[in-house]
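Step one of this worksheet: look at the structure below.
The figures here come from the full heavy-atom set of this structure, side chains too, leaving out hydrogens, waters and symmetry mates. All of these numbers come straight from a predicted model, not from anything done at the bench. In the text below, chain A, chain B and the rest are named by the order of the sequence lines, each starting its count at 1.
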2 protein chains.
Amino acid sequence: MTDSAELPAPHNHSLCINTALTLAAQLCTERGVQLTAIRQQVLELIWANHHAVKAYDLLERIKPLQSAAKPATIYRALDFLREQGFIHRVESLNAFVGCNDLKSAHEQLLLICKQCENVEERHADSVMQALTQEFVLAGFTAHHQAIEIHGICATCTQSNHIPQLV
Amino acid sequence: MTDSAELPAPHNHSLCINTALTLAAQLCTERGVQLTAIRQQVLELIWANHHAVKAYDLLERIKPLQSAAKPATIYRALDFLREQGFIHRVESLNAFVGCNDLKSAHEQLLLICKQCENVEERHADSVMQALTQEFVLAGFTAHHQAIEIHGICATCTQSNHIPQLV
DNA sequence: ATTGAGATGTTATATTGTAACGAATATCAC
DNA sequence: GTGATATTCGTTACAATATAACATCTCAAT
């Protein structure tokens, strides 16, 4: 049996990773910033699945590649990747997840499944519009927002309804 | 000059605190749970202003009252207060703020001012409705949500426009 | 070759949060 | 009231997350 709990949808994940890495490399070139080996490896590790990854897990995983890696190694790479908009920090998990919309500067919604732990990013324009109205009402100028919803994703809900073999 | 940056609106803050504490005490009685001295003191310290307070700051502030206080003392009180819905955790700040809507079970929006550090809680029904629609679209069952917006509040925006005496 | 900016190595430490277990206290049935 | 039970608290130890500070390296532009 494959790991269907983690990558439930028919999903070519290496395509997923490749797209993200290729685009990141391209954007770095355009912006004149360096996607160094460490930064690229961290980005690749984050994209290993659609979970939110913890900094110290990344540290363990990068050590075979970068034996000198220390916490600062990881946090610096994470800072860079965040500045470039390649990843998001999931505030409610102290963890990090790849951004799958590098082109547009959308602020987004993160749907975090408690069961499979996948994090789905959605643009949710209607939510953002309602938020903007709310800011106007409150006289608030928004700079940055974190919208994180914990629950059960569609795939897990479905698979939970499939009769179990007991 | 008074501390107008922290409590900018004409605002009877002791009323604010008293209301919160009285209501919390009442709800605890109704629910058959204990609002012990420690828990009440922590709640009171959180309500000292409208900032998000860090756990270790609370620890320092409660020591004059509870000389035996240790991290676990604070975190247990915080757990209790959260379970009862008396406070919110601000995920993006690792900090805690009083809930000013104890009666209704609204999930809410936190508007966090970078300048005065006040946290304003808003119900934002339109945002929640848009969110609910988004969940339906995504087939997602939401259990808990954190919506945290960082920016500049109305009061600070106004006072920033007042010509400075230089 | 020099230099200057950015990236990394390295050590140390700060901050945030939990686990585990025994002692004290409150609550409830009798 | 007394004893049984559950809850709360004290205490120690530690885990997990994150940053500061400074030295060194790399590499491109001059």
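If you measure from atom CD of Gln84(A) to atom C1' of dA7(C), you get 14 Å, rounded to the nearest angstrom. Rounded to whole Å, the distance from CD on Gln66(A) to P on dA7(C) is 15 Å. Atom CG of Asn94(A) and atom C1' of dT15(C) are 11 Å apart (whole Å). Note: CD (Glu91(B)) to P (dA18(D)) measures 12 Å, nearest angstrom. Straight-line distance from the CG atom of Asp57(A) to the P atom of dA16(D): 10 Å, rounded to whole Å. Going from atom CD1 of Ile74(A) over to atom P of dA16(D) covers 16 Å, rounded to whole Å. Put simply, CG on Leu59(B) is 13 Å from C1' on dG10(D), counting in whole angstrom units. Asp79(B) places its CG atom 10 Å from the P atom of dA19(C), with the value rounded to the nearest Å.
Between the side chain of Tyr75(A) and the base of dA20(D), no donor-acceptor pair of N or O atoms lies under 3.5 Å. Put simply, the side chain of Arg76(B) and the base of dG17(C) share no donor and acceptor less than 3.5 Å apart.
Here dT10(C) is the nucleotide among dG17(C), dA18(D), dT10(C) with the atom lying nearest to any side-chain atom of Lys70(A). Among the nucleotides dT11(D), dT10(C), dT17(D), the one closest to the side chain of Ala68(B) is dT11(D).
One finds no side-chain N or O of Lys54(B) lying less than 4.0 angstrom from the OP1 or OP2 phosphate oxygen of dT15(C). At the phosphate of dT17(D), neither OP1 nor OP2 sits under 4.0 Å from any side-chain N or O atom of Arg89(A).
Of the residues in residues 33-43 of chain A, those placing a heavy atom less than 4.0 Å from an atom of DNA chain C are Gln34(A), Thr36(A), Ile38(A), Arg39(A), in numerical order.
Within the 4.5 Å cutoff, the side chain of Gln115(B) has heavy atoms near those of the Asn160(B) side chain. Side chains of Phe86(B) and Leu23(B) form no contact here, defined as non-hydrogen atoms less than 4.5 Å apart. Cys153(A) is not listed as a side-chain neighbour of Glu120(A), based on a closest heavy-atom distance of 4.5 Å or more.
Per the stacking criterion (ring centres < 5.5 Å, plane angle < 30°), Tyr56(B) does not stack onto the base of dT15(C).
Among the protein residues, Ala72(A) comes within range of the nucleic acid bases, having at least one heavy atom under 4.0 Å from a base atom.
Glu91(B) CD to Glu148(A) CD: the interatomic distance, rounded to the nearest 0.5 Å, is 7.0 Å.
Exactly one of His88(B), His51(B), Arg82(B) qualifies for a side-chain contact (heavy atoms from CB on, under 4.5 Å) with Phe96(B). That residue is Arg82(B).
Not one N or O on the side chain of Ser67(A) forms a donor-acceptor pair closer than 3.5 Å with the backbone of Lys63(A). Put simply, the side chain of Gln84(A) never gets that close to the backbone of Cys28(A): no donor and acceptor are under 3.5 Å apart.
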